[in-house]
Asks: 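Structure in structure tokens, see below.
Residue numbers start at 1 and run along the sequence shown.
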Amino acid sequence: MIKTISKTKEINESLLSEGKVTVLNRPEDIEAIDALNAAMEEVHREYIVKNRNSQISAAQTIFNA
């Protein structure tokens, strides 16, 4: 007989019973989450551009020994 052991369910239940879990479904919470997501998208786009420029610069560099 196979017995599934899941600590995640046990931990989630204990945190919920201790009142350490907060559901973020209020309008101000959703606005904050949307603002954070927008900021992270901008950071990600900047990273992609910088990474691409770095690769182009590295490809154009000639090393002399």
Side-chain angles (χ1 to χ4, degrees):
M1 182 173 164
I2 297 174
K3 181 178 179 182
T4 304
I5 300 173
S6 176
K7 284 290 201 180
T8 304
K9 185 176 179 181
E10 183 179 318
I11 292 169
N12 288 340
E13 289 173 355
S14 68
L15 289 174
L16 188 61
S17 67
E18 293 172 8
K20 295 182 178 180
V21 175
T22 303
V23 178
L24 301 175
N25 61 357
R26 298 179 303 172
E28 54 269 11
D29 295 335
I30 294 171
E31 288 176 16
I33 291 168
D34 288 340
L36 179 63
N37 286 342
M40 292 306 298
E41 285 177 17
E42 183 178 340
V43 168
H44 183 66
R45 280 192 299 270
E46 288 177 6
Y47 170 78
I48 289 172
V49 170
K50 289 178 182 179
N51 187 31
R52 186 175 299 131
N53 290 340
S54 175
Q55 290 177 2
I56 291 169
S57 176
Q60 294 173 348
T61 302
I62 299 172
F63 293 105
N64 292 327

Asks: Just how far is it from atom CG of Asp34 to atom CG of Asp29, taken to the nearest 0.5 Å?
Replies: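 It comes to 11.0 Å.
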
Asks: Quick one: side chains of residues 39-53, donor-acceptor pairs under 3.5 Å with protein atoms, not counting sequence neighbours, listed by atom name and distance.
Replies:
| unit_1 | atom_1 | unit_2 | atom_2 | d |
| --- | --- | --- | --- | --- |
| Asn53 | ND2 | Val49 | O | 3.4 |

Asks: Show which residues join Leu16 in its hydrophobic cluster (side-chain heavy-atom contacts under 4.5 Å, direct or indirect), or state none.
Replies: Ile11, Leu15, Val21

Asks: Can you name the residues that form a side-chain contact (heavy atoms from CB on, under 4.5 Å) with Ile33, not counting sequence neighbours?
Replies: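 Partners of Ile33 by the side-chain contact (heavy atoms from CB on, under 4.5 Å) criterion, ordered by chain and then number, come out as Leu24, Asn37.
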
Asks: Could I get the full list of side-chain contact (heavy atoms from CB on, under 4.5 Å) partners for Asn12, not counting sequence neighbours?
Replies: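 Residues passing side-chain contact (heavy atoms from CB on, under 4.5 Å) with Asn12: Thr8.
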
Asks: Sequence neighbours excluded, which residues qualify as salt bridge (Lys or Arg N to Asp or Glu O under 4.0 Å) partners of Lys20?
Replies: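 In terms of salt bridge (Lys or Arg N to Asp or Glu O under 4.0 Å), with neighbours along the sequence ignored, Lys20 is linked to Glu18.
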
